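One structure below.
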Amino acid sequence: MRRISLTLLPAFVALAIPGYALAQTPARPPAQAPASLAPAAGPDGVMLVFERFADVYGSRLVAAFDSIPAGRYDYRPTPAQQSVGYIAQHLEDANYALCERFSDLKHPRAAQDSLADTVKARWPKDTLVERLRASLRFCDSALDRAGGLRSAALASSLLAFETDLAEHYSQLATYMRLLGLIPPSALPPKPRTAIALSRAALAKYVGLYRLAPGFELRVTLKGDSLFAQASTGNGPVQLWPESPRDFFVKEADAQVTFKWRARGAVTGLVLHQYGLDRAGAKVR
C-alpha cells in the first residue's frame with residue numbers, strides 16, 4: 001500500500017477518476033528489514049505508479065475486512081466458494097510470497113504460518129486483519145527496496161501482486177453487496193468545507209513539485225482557483241483550501257499540505273492519501 005490502488009497517478013492516482021476514492025487506513029510503519037541489508041534507492045516515477053496502485057487495493061481490502069462484522073467471517077455465497085476469513089488468511093500468505101520477489105527482503109516464517117488454511121480461516125477477525133496489515137507493511141518495504149523498474153521479471157511480479165489484490169477486492173466487494181454492506185470504493189469522500197483565500201495567497205503555491213524521479217506535480221493558478229496536474233498526462237484537478245496551507249480535492253479522499261520556510265517561502269508539499277504521507281520538494 002505505499003505506500004504502498006487508476007487516476008492522476010501515483011500520488012494523485014485517485015484524483016482523475018472519481019470512482020477510485022478510498023477509505024483511509026492508519027499509516028503503517030515500515031516492516032523491519034535485516035540490519036545487514038542496505039535499502040535500495042527510492043522509487044522512480046514508474047515504480048511510484050505501481051506503489052500507488054497497490055495503495056488503492058491494499059487500503060480498500062483492509063477497509064473492507066474492517067467493515068465486515070466478525071460474526072460474518074464464515075460467510076460464503078455458496079459452499080464451493082471461499083469464506084471471508086479464508087480470503088483474509090489467503091491474502092496474507094499471497095502477499096508475502098509475491099512481495100518477496102521484489103527485492104532481497106524476506107519474511108521470517110513462524111510456526112503459525114504452517115497451519116492449514118482452513119484452521120487459519122477461523123482465527124478471530126482482529127487477528128486476521130492485523131496479520132493482513134502486517135503483510136501489506138512488508139510489501140511496502142519490499143517495494144521501497146526494489147528501486148527502479150529495470151527488468152521484465154520485476155514487472156511480471158508487480159502485475160501479479162497488484163492484480164491479485166484487485167481480484168480479491170472485487171471478490172470481497174461482491175460478498176459485501178450480498179451481505180447488504182457498502183464496499184469502501186462505493187463510499188463518498190469525507191465531507192470537507194472550503195474556505196476563501198485571495199488570489200495573492202494562492203499564487204504563492206504555484207510551481208513544480210517533485211514527488212519522485214520522473215513524477216512531478218505542477219500547481220497552477222486559473223482565475224481565483226488553484227489546480228494540480230501530474231506529469232503522467234491526466235488533466236488538472238482543483239485544489240480547494242480548507243486552511244491557508246491545507247487543500248483537498250472533491251473527486252477523492254486526498255489532501256495536500258504545503259510546506260513553508262520560516263520567512264514564508266514555499267519549499268514543498270505533502271500529499272495525504274490512503275493513510276500515507278508523501279512529501280515532494282518544490283523544484284521551481
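In this text, all values refer to a predicted model and were calculated from it rather than measured experimentally.
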Gap separating the [atom1] atom of [X] from the [atom2] atom of [Y], nearest 0.5 angstrom:
{"X": "Leu202", "Y": "Leu239", "atom1": "CG", "atom2": "CG", "result": "9.5 Å"}
{"X": "Arg177", "Y": "Thr174", "atom1": "CZ", "atom2": "OG1", "result": "9.0 Å"}
{"X": "Phe258", "Y": "Arg245", "atom1": "CZ", "atom2": "CZ", "result": "11.5 Å"}
{"X": "Ser157", "Y": "Arg101", "atom1": "OG", "atom2": "CZ", "result": "5.0 Å"}
{"X": "Cys99", "Y": "Leu136", "atom1": "SG", "atom2": "CG", "result": "7.5 Å"}
{"X": "Leu187", "Y": "Ser185", "atom1": "CG", "atom2": "OG", "result": "8.0 Å"}

Under the side chain to side chain contact (heavy atoms under 4.5 Å, CB included) rule, what do Asp144 and Glu51 come out as? Steps first, then yes or no, please.
-> CA-CA 9 Å; Asp144 281 347; Glu51 290 187 12; 3.6 Å; yes

Tell me whether [Y] is reachable from [X] by hopping between hydrophobic residues (I, L, V, M, F, W, Y) whose side-chain heavy atoms are closer than 4.5 Å.
{"X": "Val206", "Y": "Trp240", "result": "no"}
{"X": "Leu165", "Y": "Leu149", "result": "yes"}
{"X": "Leu91", "Y": "Leu159", "result": "yes"}
{"X": "Leu179", "Y": "Leu172", "result": "yes"}

Show the atom names and distances, to 0.1 Å, of all donor-acceptor pairs under 3.5 Å that link a side chain in residues 209-223 to residues at least two apart or in another chain.
{"residue": "Tyr209", "atom": "OH", "partner": "Tyr205", "partner atom": "O", "Å": "2.7"}
{"residue": "Arg210", "atom": "NE", "partner": "Glu216", "partner atom": "OE2", "Å": "2.9"}

With a 4.5 Å heavy-atom cut-off, do [X] and [Y] have their side chains touching?
{"X": "Asp74", "Y": "Val84", "result": "no"}
{"X": "Leu143", "Y": "Met47", "result": "yes"}
{"X": "Leu226", "Y": "Leu197", "result": "no"}
{"X": "Ile68", "Y": "Met176", "result": "yes"}
{"X": "Val237", "Y": "Phe227", "result": "no"}
{"X": "Val129", "Y": "Tyr73", "result": "yes"}

Begin with the C-alpha distance, continue with both residues' side-chain angles, and end with the deciding distance and a verdict on side chain to side chain contact (heavy atoms under 4.5 Å, CB included) for Phe247 and Thr257.
-> CA-CA 6 Å; Phe247 293 74; Thr257 298; over 6 Å; no

Result block: side-chain N/O donor-acceptor pairs under 3.5 angstrom for residues 111-123, not counting sequence neighbours:
{"residue": "Gln112", "atom": "OE1", "partner": "Arg131", "partner atom": "NH1", "Å": "3.4"}
{"residue": "Asp113", "atom": "OD1", "partner": "Arg131", "partner atom": "NH2", "Å": "2.7"}
{"residue": "Asp113", "atom": "OD2", "partner": "Ala110", "partner atom": "N", "Å": "2.7"}
{"residue": "Ser114", "atom": "OG", "partner": "Ala111", "partner atom": "O", "Å": "2.8"}
{"residue": "Asp117", "atom": "OD2", "partner": "Tyr86", "partner atom": "OH", "Å": "3.4"}
{"residue": "Lys120", "atom": "NZ", "partner": "Asp93", "partner atom": "OD2", "Å": "2.9"}
{"residue": "Lys120", "atom": "NZ", "partner": "Asp113", "partner atom": "O", "Å": "3.3"}
{"residue": "Arg122", "atom": "NH1", "partner": "Thr118", "partner atom": "O", "Å": "3.1"}

For Ser67, all residues meeting side chain to side chain donor-acceptor pair (under 3.5 Å), sequence neighbours excluded |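 With sequence neighbours excluded, Ser67 shows a side chain to side chain donor-acceptor pair (under 3.5 Å) to no residue whatsoever.
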
Residues forming a side chain to side chain donor-acceptor pair (under 3.5 Å) with Arg109, sequence neighbours excluded =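 If we apply the side chain to side chain donor-acceptor pair (under 3.5 Å) test to Arg109, skipping adjacent residues, the hits are Glu100.
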
Specify the closest pair of heavy atoms between [X] and [Y], including all atoms of both residues, with the distance to one decimal.
{"X": "Lys106", "Y": "Pro108", "result": "O-CD, 3.5 Å"}
{"X": "Leu154", "Y": "Gly148", "result": "CD2-O, 3.7 Å"}
{"X": "Glu92", "Y": "Leu132", "result": "N-CD1, 4.2 Å"}
{"X": "Pro184", "Y": "Ala63", "result": "CG-CB, 3.7 Å"}
{"X": "Gly207", "Y": "Lys282", "result": "CA-CE, 4.1 Å"}
{"X": "Arg52", "Y": "Leu271", "result": "NH2-CD2, 3.9 Å"}

So, Ser156 side chain and Ala152 main chain: donor-acceptor pair closer than 3.5 Å or not?
->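 No, because the side chain of Ser156 does not come within donor-acceptor range (under 3.5 Å) of the backbone of Ala152.
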
Charged N to carboxylate O under 4.0 angstrom, [X] versus [Y]?
{"X": "Asp104", "Y": "Arg145", "value": "yes"}
{"X": "Arg192", "Y": "Asp246", "value": "no"}
{"X": "Glu130", "Y": "Lys125", "value": "no"}

Pairs flagged by salt bridge (Lys or Arg N to Asp or Glu O under 4.0 Å) wherever residues 154-170 is involved - sequence neighbours left out | none

Close aromatic pair by centroid cut-off 6.0 Å: Phe161 and Phe50 | no

Begin from the C-alpha positions of Phe138 and Asn95 and carry the test side chain to side chain contact (heavy atoms under 4.5 Å, CB included) through to its verdict.
-> CA-CA 8 Å; Phe138 175 87; Asn95 288 345; over 6 Å; no

Glu251 and Gln238: side chain donor to acceptor below 3.5 Å = no

In sequence, state the C-alpha distance, the side-chain angles, and the governing distance for Val249 and Val256, and then conclude on side chain to side chain contact (heavy atoms under 4.5 Å, CB included).
-> CA-CA 9 Å; Val249 297; Val256 167; over 6 Å; no

Ile182 CD1: over 12 foreign heavy atoms closer than 6.0 Å = no

Please list all pairs passing the ring pair (Phe, Tyr, Trp, His ring centres under 6.0 Å) test where one or both residues lie in residues 166-196, with sequence neighbours left out.
->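 Qualifying pairs, neighbours excluded: Tyr75-Tyr175, His90-His168.
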
